[in-house]
Amino acid sequence: MANESLKQQVATAALKYIKDDMTIGIGTGTTVHYFIEGLKNYRHRIDAVVASSIDTQNKLKNVGIPVVEMTSVNQIDLYVDGADEVNPHKQLIKGGGGALTREKIIAYNSKQFICIVDETKCVDILGQFPLPIEVIPMARSIVARALVQLGGNPVYRENFITDNQNIILDVNGLDIMQPIALEGELNQIPGVVSNGLFAQKTPQTVLVAKNNGITEV
Ligand code: 5RP
């Protein structure tokens with residue numbers, strides 16, 4: 001079955017987690033795009049929506065769903081987002097779309113985090129997908145050198161600036177056998193804003209679309 005169809009199916013499955021008067025956080029990416037499409041039918045039932053990126057904010061506005069700032073929200077009830085890789089422990093690599101920092105802020109501050117992926121994202125060990133790291137522009141070379149020291153091969157993401165006006169280094173070759181420790185270690189490098197490992201805080205639920213249906217992890 002085509003990937004797009006699987007993305008649509010898993011996004012539709014996530015709509016069932018919406019309850020009346022919820023404040024909902026919305027991730028970024030092509031899978032989430034299908035969730036936004038479905039969310040327009042729920043817009044009168046939900047209380048507020050927070051977006052993890054300008055791209056998502058625009059998509060929500062296009063379907064008539066007003067977006068509120070994170071600063072005006074006390075608690076997010078439900079956060080729905082995709083991922084680039086998911087391991088059997090529900091640890092993730094995210095940031096393919098470059099929105100990792102805002103995504104992590106929302107994920108950490110949500111009562112329930114549901115990750116929606118198609119089966120191509122499921123791996124035994126994280127790291128085939130290059131790990132995105134958001135970096136303050138002036139620290140680009142310093143951080144790149146530190147990443148090489150850790151065994152990584154950082155690649156500057158050309159022609160890309162994050163919504164926070166920073167750059168992204170996509171890092172190949174890191175040993176991600178201990179994702180929780182590595183997530184913390186990377187954050188200690190001065191100049192790193194955040195990294196795409198979501199291992200310290202994982203989703204409660206991962207919905208995986210396969211050719212024979214949706215599996216809940
Ligand atoms: C954006 C992300 C996305 O969730 C991730 O890249 C998956 O995107 P897609 O659903 O398009 O495959 O982390 O920063």
Side-chain angles (χ1 to χ4, degrees), residues 1-15 24-39 49-60 70 76 78-87 90-110 112-123 126-135 155 157-172 176 179 183 186 192-210 214 217:
M1 195 181 294
N3 226 13
E4 290 306 307
S5 168
L6 292 180
K7 288 180 183 187
Q8 188 164 21
Q9 284 178 36
V10 76
T12 304
L15 290 167
I24 301 179
I26 316 281
T28 299
T30 52
T31 315
V32 163
H33 171 76
Y34 291 112
F35 182 75
I36 294 171
E37 283 293 311
L39 193 65
V49 167
V50 175
S52 65
S53 63
I54 294 171
D55 181 55
T56 290
Q57 189 172 321
N58 291 337
K59 283 177 177 153
L60 286 161
M70 182 81 187
I76 295 168
L78 174 68
Y79 179 49
V80 177
D81 200 356
D84 300 299
E85 279 186 355
V86 183
N87 75 9
K90 297 189 279 188
Q91 296 167 323
L92 317 174
I93 285 183
K94 289 185 48 54
L100 58 153
T101 301
R102 295 187 186 198
E103 291 172 341
K104 203 174 267 195
I105 292 168
I106 300 180
Y108 264 77
N109 290 287
S110 298
Q112 194 183 8
F113 174 13
I114 296 180
C115 181
I116 50 175
V117 292
D118 62 80
E119 61 185 339
T120 63
K121 308 288 185 64
C122 296
V123 297
L126 298 173
Q128 284 302 309
F129 191 91
L131 181 66
I133 302 190
E134 181 166 356
V135 175
V155 177
R157 197 180 290 186
E158 299 278 351
N159 302 318
F160 187 85
I161 296 288
T162 69
D163 290 347
N164 314 309
Q165 303 303 310
N166 296 313
I167 61 126
I168 297 281
L169 295 175
D170 292 302
V171 191
N172 293 291
I176 315 187
E183 182 178 355
L186 293 171
V192 168
V193 178
S194 71
N195 69 81
L197 278 174
F198 284 54
Q200 296 178 354
K201 163 90 183 181
T202 58
Q204 281 88 355
T205 306
V206 178
L207 298 178
V208 183
K210 302 183 180 179
I214 306 288
V217 182

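Every heavy atom of this structure was used, including side-chain atoms; hydrogens, water molecules and symmetry mates were not. Read the numbers this way: they start at 1 and go in the same order the structure lists the ligands and their atoms.
- Shown here for Thr56 and Ala51, the closest heavy-atom pair between the two residues is CG2-CB, 3.8 Å.
- Summarising the contacts of atom 6 (O) of ligand 1 with Asn3, Asp84, Ile116, the nearest heavy atom is found in Asp84.
- Using a 4.0 Å cut-off to heavy atoms of Gly95, the atoms of ligand 1 that qualify are 2 (C), 13 (O), 14 (O).
- The backbone N or O of Ile26 lies less than 3.5 Å from a partner atom in the side chain of Ser52, making a donor-acceptor pair.
- Each of the atoms 14 (O) of ligand 1 lies under 4.0 Å from some heavy atom of Gly98.
- Considering only non-hydrogen protein atoms, atom 10 (O) of ligand 1 sits nearest to Thr31 OG1, 2.6 Å.
- Per-residue contacts place Ala83 under 4.0 angstrom from the following atoms of ligand 1 (heavy atoms of the residue considered): 4 (O), 5 (C), 7 (C).
- Salt-bridge formation is not detected for the pair Lys104/Glu134: no Lys NZ or Arg NE/NH1/NH2 atom is positioned less than 4.0 Å from an Asp or Glu carboxylate oxygen.
- A donor-acceptor contact closer than 3.5 angstrom is absent between the side chains of Ser53 and Asp55.
- Contact annotation: for Pro132 versus ligand 1, there are no heavy atoms closer than 4.0 Å.
- Under a 3.5 Å cut-off, the side chain of Glu119 and the backbone N or O of Val208 do not form any donor-acceptor pair.
- Closest approach of Gly96 and Phe129 over heavy atoms only: CA-CZ, 4.0 Å.
- Gln204 CD: more than 12 foreign heavy atoms inside a 6.0 Å radius.
- Atoms of ligand 1 found under 4.0 Å from any heavy atom of Gly96, numbered from 1 in the order shown, are 6 (O), 13 (O), 14 (O).
- In the candidate list Val117, Val10, Thr101, Thr28, Thr28 is nearest to atom 3 (C) of ligand 1, counting heavy atoms.
- Considering backbone and side-chain atoms alike, Gly29 places every N or O at 3.5 Å or more from each N or O of ligand 1.
- Contacts between Val32 and ligand 1, counted as non-hydrogen atom pairs separated by less than 4.0 Å, are absent for every part of the residue.
- Remark: distances from the non-hydrogen atoms of Gly27 to ligand 1 are all 4.0 Å or more.
- Close contacts of ligand 1 with Gly82, meaning ligand atoms under 4.0 Å from a residue heavy atom, involve 4 (O).
- In the vicinity of Asp81, heavy-atom distances shorter than 4.0 Å reach the ligand 1 atoms 4 (O).
- Contact annotation: the side chain of Val171 never approaches that of Pro130 to less than 4.5 Å [non-hydrogen atoms, C-beta and beyond].
- Each of the atoms 14 (O) of ligand 1 lies under 4.0 Å from some heavy atom of Ala99.
- A donor-acceptor pair shorter than 3.5 Å cannot be found between the side chains of Tyr34 and Gln9.
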Checklist entry - Yes or no on side chain to side chain contact (heavy atoms under 4.5 Å, CB included) for Arg102 and Asn164, after CA distance, side-chain angles and deciding distance? => result CA-CA 9 Å; Arg102 295 187 186 198; Asn164 314 309; 2.9 Å; yes
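- Checking side-chain atoms of Asn109 against main-chain N and O of Ile105 turns up a donor-acceptor pair under 3.5 Å.
- At least one heavy atom of Lys121 sits closer than 4.0 Å to an atom of ligand 1.
- In this structure, the protein non-hydrogen atom closest to atom 9 (P) of ligand 1 is Thr30 OG1, 3.2 Å.
- The protein non-hydrogen atom at the shortest distance from atom 1 (C) of ligand 1 is Glu103 OE2, 3.1 Å.
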